[in-house]
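We use all heavy atoms of the structure for the numbers below, so side chains are in, but hydrogens, waters and symmetry mates are not. All chains are named by letter (A, B, ...) in the order of the sequence lines, taking the proteins before the strands, and each is independently numbered beginning at 1. Just so it is clear, the model here is predicted, and its values are computed rather than measured.
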2 protein chains.
Amino acid sequence: MTKTATRLRVVEVDNLKTACSTCSLQELCLPAGLNEAELKAVDELVNRRRPVKRSDYLFRAGTALHSLYAIRSGFLKSSVLHDDGREQVAGFHMMGDLMGMDAIGTSQHLCDAVALEDSEVCEIPLKDLEALSRDIPSLQQHFHRIMSREIARDYGVMLLLGSMRAEERLAAFLLNLSQRFAARGYSSLEFNLRMTREEIGSYLGLKLETVSRTLSGFQAQGLIAVQNKHLRILKIDALQELVSPHGCRG
Amino acid sequence: MTKTATRLRVVEVDNLKTACSTCSLQELCLPAGLNEAELKAVDELVNRRRPVKRSDYLFRAGTALHSLYAIRSGFLKSSVLHDDGREQVAGFHMMGDLMGMDAIGTSQHLCDAVALEDSEVCEIPLKDLEALSRDIPSLQQHFHRIMSREIARDYGVMLLLGSMRAEERLAAFLLNLSQRFAARGYSSLEFNLRMTREEIGSYLGLKLETVSRTLSGFQAQGLIAVQNKHLRILKIDALQELVSPHGCRG
DNA sequence: CCCGCGTTTTGACCCAGATCAAGCAGCCGT
DNA sequence: ACGGCTGCTTGATCTGGGTCAAAACGCGGG
C-alpha cells in the first residue's frame with residue numbers, strides 16, 4: 001500500500017497518548033473488531049493532534065480541504081456565512097464528532113469551524129482515510145455510517161427549522177444536547193451551555209431575545225433551571241412532551 | 001463473495017438500455033476515466049431498474065435499507081414526518097440524483113420518498129457499492145463526493161430556513177431549480193414545477209398561501225411569469241439580487 | 001361534455017416572534 | 001477594586017407570515 005511514508009515516523013512516548021487504540025473516544029470513533037495490524041494502521045492515520053484555542057478557527061469557509069477532524073475534547077460550532085453577513089450556525093460539535101465532511105464534494109470548506117472553548121482535534125488526511133478504508137471494510141462502513149448520520153442529523157434540523165415553533169425548537173435542542181452528553185458519559189440532566197444565546201438562536205432560527213425569553217419561560221414552568229450558561233433539566237419528560245405531544249405516531 | 005449471483009443474470013437485449021455505459025446520466029452519476037472492465041462491473045452493480053408511478057413510495061421511513069437509488073428519470077420528493085403528522089419536505093430530487101443516503105447510518109430509512117411524477121430509478125445495493133468502491137478508487141471518491149454534496153446542500157437549506165425571509169427563500173428555491181435543470185440540459189428559464197404549492201411551502205418552511213402570494217408578488221414585479229405549474233423566469237438577475245443583495249462579500 | 005375534487009388565488013384578520021430599548025450581571029485585564 | 005465590555009434579561013411595540021374563509025380554476029373520470 002501507499003502509506004509507507006508514515007512508517008518512518010518514530011513512535012515517541014508522547015504518541016502513546018495519541019494512539020487511537022488507547023483513546024477514550026474509541027467506541028465513538030473507531031469501528032469495533034479491528035485486529036492488531038489494523039489498529040496500528042489507524043493509529044498512524046490519525047497521528048497528528050492539534051489544539052484549537054477558544055474562538056480560533058479550525059478551518060474557514062473557502063479554504064482548501066486537507067483533512068477531516070475528529071474532536072478529542074472541547075466544543076466547536078460550524079457556521080455558514082450568507083453573502084450579506086448573516087451567520088447561520090449549522091451545528092455544535094463535541095468530542096467524538098467528525099468535522100469537515102461538507103467539504104469533500106468541492107475540496108473546499110463550505111463553513112467556518114470555530115472553537116467555543118479550548119479544544120483538541122485529531123487531524124485525519126482524507127486521502128489516507130480513503131486509502132485505508134479500501135483495505136479495512138469495517139472502517140469504510142464506519143465512515144459511510146458517520147457521513148450518513150450527518151445527513152440524517154441535517155434532516156432533523158430541517159424538520160426543526162421548517163416546522164416547529166420556538167418552544168418546540170428549544171426543547172428539542174436541549175434534549176439533543178442532553179442525549180449527546182449522556183452518550184459521552186456525562187450527566188444528561190446538568191451541563192453547561194458552551195454557546196451564547198445568540199448562537200443558540202442562530203442554530204434554531206430564532207433571535208437571541210426569543211431564546212432568552214423561552215428559557216425563562218421553561219424555568220417559570222419548572223421544566224429547567226438556568227443560570228447563565230449552567231443548565232439543569234428538571235422535567236425531562238415534560239420537555240419531551242413539548243417536542244412530540246403525547247406519543248402519537250401509530 | 002455474494003455477487004456471483006448476479007453473474008447468472010443473462011444479458012438480454014433490453015439490458016443494453018440499462019447499462020450505465022450507455023446511459024445519458026453518465027456524467028452525472030459515474031466517475032470519469034473508468035476502463036472497460038470497471039465499466040462492466042459498474043453496469044452489473046446497477047442492473048436493476050425500477051419504475052415508480054406518480055404518488056407511489058420509492059421507500060418509506062422506518063423500513064430497512066436495501067439499496068440506494070439513482071434517479072434515471074422523473075421527479076421525487078423526500079420528506080420527514082414529525083410525530084404529530086406534520087410533514088417536512090427535505091428535498092426534491094431529479095434525474096442523476098442519488099437517494100437513500102440518510103439511511104446508511106442506521107440501516108433504516110429516515111424519510112419517505114414519493115414520486116411526484118412517473119419516474120424510473122436504478123437500484124444500487126449498498127453492500128455491492130461498498131465492495132466495488134474498494135476496488136475502484138475513483139468510484140469510492142465519487143461516492144464520497146456525492147454524500148458530501150448532500151451534506152453541503154443540507155447546510156444551504158439550513159441557511160435558507162434559519163435566516164432568510166419568505167421572498168429570499170422562494171427566490172433561492174427558483175434559482176436552485178433553474179440551475180439544476182440547466183445542469184441537465186433543460187431550459188434554465190422555463191420549466192414546470194412538479195410539486196404543489198404546499199410541498200414548496202413545506203420545503204421552505206412557509207405556508208402554501210405565502211408561497212402563492214409571494215409568487216404572485218414576483219409576477220407583479222415582472223420577475224417571473226407563472227401559470228399554474230408552468231414557470232418562466234423573466235429577470236434572473238433580479239431574483240439573484242433578492243437572495244444576495246448587490247454582490248457583497250468582499 | 002359536465003361533474004366533482006384537489007389545487008390555487010386572494011382577501012381580512014391575528015399572533016408568534018422580531019425589533020427596539022433599557023438596564024443588569026459576569027468577567028476580563030489592569 | 002474597578003472600569004469597560006460582552007452577554008443576558010425583560011418590557012413595549014411592530015410586523016411578516018400564519019390562519020381562516022371563500023371563490024375560481026383546472027383536470028381526470030364517468
List the atom pairs, donor and acceptor, that lie under 3.5 Å between side-chain atoms in residues 220-237 of chain B and the rest of the protein, sequence neighbours left out.
{"from": "B:Gln221", "atom 1": "NE2", "to": "B:Gly217", "atom 2": "O", "distance (Å)": "3.4"}
{"from": "B:Lys229", "atom 1": "NZ", "to": "B:Met195", "atom 2": "O", "distance (Å)": "3.3"}
{"from": "B:His230", "atom 1": "NE2", "to": "B:Glu190", "atom 2": "OE2", "distance (Å)": "3.2"}

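Heavy-atom contacts from other residues, nucleotides or ligands closer than 6.0 Å to CD of B:Gln219 number more than 12. Heavy-atom contacts from other residues, nucleotides or ligands closer than 6.0 Å to CZ of A:Arg54 number 12 or fewer.
Residues from residues 158-175 of chain A with heavy atoms under 4.0 angstrom of DNA chain C, sorted by number: A:Arg165, A:Ala166. Residues of residues 208-220 of chain A that place a heavy atom closer than 4.0 Å to DNA chain C, in numerical order, are A:Glu209, A:Thr210, A:Arg213. Applying a 4.0 Å cut-off to non-hydrogen atoms, the residues of residues 196-205 of chain A that approach DNA chain C are A:Gly205, listed by residue number.
The distance from atom SG of A:Cys29 to atom CD1 of A:Ile124, rounded to the nearest 0.5 Å, is 6.5 Å. Atom OG of B:Ser148 and atom CE of A:Met147 lie 5.0 Å apart (nearest 0.5 Å). The CZ atom of B:Arg197 sits 11.0 Å away from the OG1 atom of B:Thr214 when rounded to the nearest 0.5 Å. Between atom CD1 of residue B:Ile104 and atom CG of residue B:Leu65 there is a gap of 6.5 Å, rounded to the nearest 0.5 Å.
A cation-pi arrangement is absent between A:Arg184 and A:Tyr186, since the terminal nitrogen or guanidinium carbon is not both under 6.0 Å from the aromatic centre and inside a 45° cone about the axis.
Between A:Lys53 and A:Glu120 there is no salt bridge, since none of the side-chain N atoms of the basic residue sits less than 4.0 Å from a carboxylate O of the acidic one.
Proximity of a side-chain donor or acceptor of B:Ser244 to a complementary backbone N or O of A:Asp83 within less than 3.5 Å is not detected.
A nucleotide of DNA chain D counts as in contact with chain A when one of its atoms lies under 4.0 Å from a heavy atom; the first and last such, 5' to 3', are D:dC8 to D:dA12. Taking 4.0 Å as the cutoff to heavy atoms of chain B, we find the contact window on DNA chain C bounded by C:dT8 to C:dA12.
The salt bridge (Lys or Arg N to Asp or Glu O under 4.0 Å) check on B:Arg194 picks up B:Glu117, with sequence neighbours excluded. Under the rule for a side chain to side chain donor-acceptor pair (under 3.5 Å), A:Gln88 has no partner lying at least two apart in sequence or in another chain. Partners of B:Ser67 by side chain to side chain donor-acceptor pair (under 3.5 Å), not counting sequence neighbours, listed by chain and number: B:Glu123.
For residues 172-183 of chain B, the pairs satisfying salt bridge (Lys or Arg N to Asp or Glu O under 4.0 Å) are B:Asp97-B:Arg180, with sequence neighbours left out. Among residue pairs with one or both ends in residues 217-227 of chain B, none qualify as salt bridge (Lys or Arg N to Asp or Glu O under 4.0 Å); sequence neighbours excluded.
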Check the pair A:Arg213 / A:Glu167 against salt bridge (charged side-chain N to carboxylate O under 4.0 Å, His left out), numbers first and verdict last. CA-CA 10 Å; A:Arg213 267 189 257 274; A:Glu167 283 198 345; over 6 Å; no
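Overall bending of the helix from C:dC1-D:dG30 to C:dT30-D:dA1, expressed as the angle between end axes built from five pairs apiece, is 60° (10° steps).
The side-chain heavy atoms of B:Asp154 and A:Ile151, taken from C-beta on, include a pair separated by under 4.5 Å.
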